[in-house]
Amino acid sequence: MAADDTDISSNNFIRNIIQDDLDSGKHKAIQTRFPPEPNGYLHIGHAKSICLNFGVAEDFGGQCNLRFDDTNPEKEEDEYAQAIEEDVRWLGFEWSKLCYASDYFEQLYAYAIELINQGKAYVDSLSAEQIREYRGSLTEPGKASPDRNRSIEENLQLFANMRAGKYQDGEFLLRAKIDMASANINMRDPALYRIKKANHQRTGDTWPIYPMYDYTHCISDAIEGITHSLCTLEFEDHRPLYDWVLNEVKTPCHPRQIEFARLQLKYTITSKRKLNQLVTENHVDGWDDPRLPTLSGLRRRGYTPASIRDFCERIGVTKKDSFIEMAVLENCIREDLNQHAIRVMGVLNPLKVTIENYPEDKTEDLTAKNHPQNPDMGTRTIPFSKVIYIEQDDFLEDAPRKFFRLSIGREVRLRYAYYITCTEIIKDEKGKVIELICQYDPLTRGGSSPDGRKVKGTIHWVSAAHAIDANINLYDRLFTHPNPAATDNFIEYINPQSLTRLTQCKLEPCLAEADTSSHYQFERTGYFVKDTQVAALTFNRTVTLRDTWAKIDKQNNQG
RNA sequence: UGGGCCGUCGCCAAGCGGUAAGGCACCAGGUUUUGAUCCUGGCAUGCGCAGGUUCAAAUCCUGCCGGCCCAGCCA
């Protein structure tokens, strides 16, 4: 029964509109587009739009284009366009057509002449400041430019001269002639073309003038036969202009613009301008810094495409301004990784443990499961010997009753190995515990005892003689403020603890062969992925495991 | 205070006149060689507020209140 397969949770008002348009016969097939400006890297907010546009096309048997909105050469770069293509593909989508607004420059120019000929556009010689003054304010109407009633012939000539490069930047402007008294400021004779003698990434120096977004976007949509033009809320006020242009000019069709709320995530930033600032001022380590919500950063952090797609589905699509909690994103990646990540052992902060009664030169190969719930993932062997490392956090000299780990006189299970009991603590001159002396029970090999005695705690470990050293990066939220973008200076709220670099972490030997596409769960500590940028063996922590003990511990310390 | 949009649980979000889905978070149990996973149960007599229409309203009407966006030759 395929009819009932549609996941109700993924329905939203846009899908409802599209379904209605299909049912009513308004459209036979649907066509969408994802239209980034190549002026920065894609982030999690774009992922929402990508999943929406491509997802809708996919689910309704339509098509989705990737279109670069490249109408402002001063801000755009090919590097960004390349990265955008890579990120969209990585997320798991393939466009039916790769388009560029700049491919339509010639048509756009022709449509502009059409507008001039109809008396619907004019060339203005007012300066930028004057235009601002003439525009009026939110509460006062604007007033007409002296050039507003220039003759069609003169407008045509001036516009031709603009194109011919006869004027300097800012000298003239092509404006739509709409309504200077409109309550909607976007309708007060908006700019259509500005003179900008800049080299364009794709068209080079062929154009000294460039069309504005409002004019370009609607026509580009129409040229591509877009049925539903999905964009974010801030463009709601632009819709009358979108429709005005398409009504005044003879385009193949008239797409419907529908706005939805952009994604906002707590404790981070999703503004290309601000992300750019973090990168250029070196507050972070490039656009792919794992602390950033960029797709390249999330990728390097170890987020999977599937988890991001799942996230985008869970948050929904509405017109309500909202802030999503990080916990939702974290839940998505945990859910994916819990199912797919290989289990291994790695000690982040090593504490040496000598097992006094274990033979000096002996090494044993013990068997460990790669995934406790999925036998298909197989097993591996891990070496065990007299000296091992355990996690510093897994030992407490004065341990509370509920602390199920090592302490003097207490017994714990070494995962897949033996039960050990701590008998002696060795400290340095400052009183810091630097080594533990333990006794093991030879009858508990593999981790269970013939007498069936209960050992509540199980801790991870790594054989000192066999361990490999690695660097590990631990990440925390990038900002200490839930909405850094709303503060006076978001830079001040960068979390000084957002990155913790650990060195000389001890990992089980199999990790020497890790590749950057494998996700691992270091048992009891979190999910990790090998870093792609650093030469030395380095793992990035994607996300921690849920930690009930940390929660209890915190409550105890507070109460 | 011109125009546009939005207000359902701590955070998201279904609902489209017939008596409040779901997810995340949280809380309480159970299983467990990861204090992980998994499982079970709990979590809005209430839908920004106040009136009205109706046998019946989160859904319709009116009026308030609160929030977001717009005065780039950016997108």
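By convention in this document, chain letters (A, B, ...) are assigned in the order of the sequence lines, proteins followed by strands, and residues within each chain are numbered from 1.
Distance A/D179 CG to B/C70 P: 21 Å, rounded to the nearest Å. When rounded to the nearest whole Å, the span between CG of A/N483 and C1' of B/C68 equals 12 Å. Atom pair A/N11:CG and B/A21:C1' shows a separation of 13 Å (rounding to whole Å applied). The distance from atom CG of A/N331 to atom C1' of B/C11 is 13 Å, rounded to the nearest whole Å. A/E391 has its CD atom 12 Å from the P atom of B/G35, to the nearest Å. Taking atom CZ on A/R415 and atom P on B/A36, their separation rounds to 13 Å, with Å as the unit. With rounding to whole Å, A/F13 atom CZ is found 11 Å from B/A13 atom P. Computed from coordinates, the A/K143 NZ to B/G2 P distance equals 22 Å when rounded to whole Å.
Evaluation of atom-type donor-acceptor distances gives no pair under 3.5 Å for the side chain of A/N184 against the base of B/G4. For A/R546 against B/U37, a side-chain-to-base donor-acceptor contact under 3.5 Å is absent. Counting distance only, with no hydrogens placed and no angle test, the side-chain atoms of A/R405 and the base atoms of B/G35 include a donor-acceptor pair under 3.5 Å.
Residue contacts shown for A/T71 are limited to sugar-phosphate atoms, with no base heavy atom under 4.0 Å away. Within 4.0 Å (heavy atoms only), A/I315 reaches sugar-phosphate atoms of the nucleic acid but no base atom. Across all strands shown, A/L126 has heavy atoms under 4.0 Å from base atoms, whether or not it also approaches the sugar-phosphate. Using a 4.0 Å heavy-atom cutoff across all strands shown, A/L173 reaches at least one base atom of the nucleic acid. Across all strands shown, A/Y418 has no heavy atoms under 4.0 Å from either base or sugar-phosphate atoms. Using a 4.0 Å heavy-atom criterion, one finds that A/F323 contacts the sugar-phosphate atoms exclusively. Using a 4.0 Å heavy-atom cutoff across all strands shown, A/K402 reaches at least one base atom of the nucleic acid. Among the heavy atoms of the strands, none lies under 4.0 Å from A/H460. Contact annotation for A/R334: no contact, since no heavy-atom pair falls under 4.0 Å across all strands. Residue-level contact check: A/T548 touches the backbone only, with heavy atoms under 4.0 Å from sugar-phosphate atoms and none from bases. When heavy atoms are screened at a 4.0 angstrom cut-off, A/S182 is found touching no nucleic acid atom at all. At the heavy-atom level, A/A191 lies under 4.0 Å from the strands shown only through sugar-phosphate atoms. In this structure, A/R132 reaches the sugar-phosphate backbone alone: every heavy-atom distance under 4.0 Å involves primed, P, OP1 or OP2 atoms, never a base. Contact annotation for A/S322: backbone-only contact, meaning every heavy-atom pair under 4.0 Å involves sugar-phosphate atoms and none involves a base.
Residues A/H217 and A/R33 have side chains that bring a donor and an acceptor to within less than 3.5 angstrom of each other. No side-chain N or O of A/N72 forms a donor-acceptor pair with one of A/Y213 less than 3.5 Å apart.
Closest approach of A/Q201 to A/D78, counting heavy atoms only: CG-N, 4.2 Å.
Residue A/F384 forms a ring pair (Phe, Tyr, Trp, His ring centres under 6.0 Å) with just one option from A/Y440, A/W461, A/Y416, and that option is A/W461.
An anti orientation is assigned to B/G15, its glycosidic angle lying beyond 90° of 0.
Within the shown strands, nothing qualifies as a pairing partner of B/C16 under the Watson-Crick or G-U definition with both distances less than 3.5 Å. Both distances falling under 3.5 Å, in either a Watson-Crick or a G-U wobble arrangement, occur for no nucleotide opposite B/U54.
Here the separation of B/A57 from B/G17, taken at their C1' atoms, is 6 Å to the nearest Å. The gap from the C1' atom of B/U40 to that of B/U31 amounts to 11 Å, rounded to the nearest Å.
Note: A/F522 and A/F539 meet the aromatic proximity criterion, with ring centroids under 6.0 Å apart.
Between A/K272 and A/E37 there is no salt bridge, since none of the side-chain N atoms of the basic residue sits less than 4.0 Å from a carboxylate O of the acidic one.
Each of A/D321 and A/Q373 lies near RNA chain B, and the nucleotide nearest A/Q373 is the one positioned closer to the 5' end.
With rounding to the nearest 0.5 angstrom, the CG atom of A/D393 is 9.5 Å from the CG atom of A/D553.
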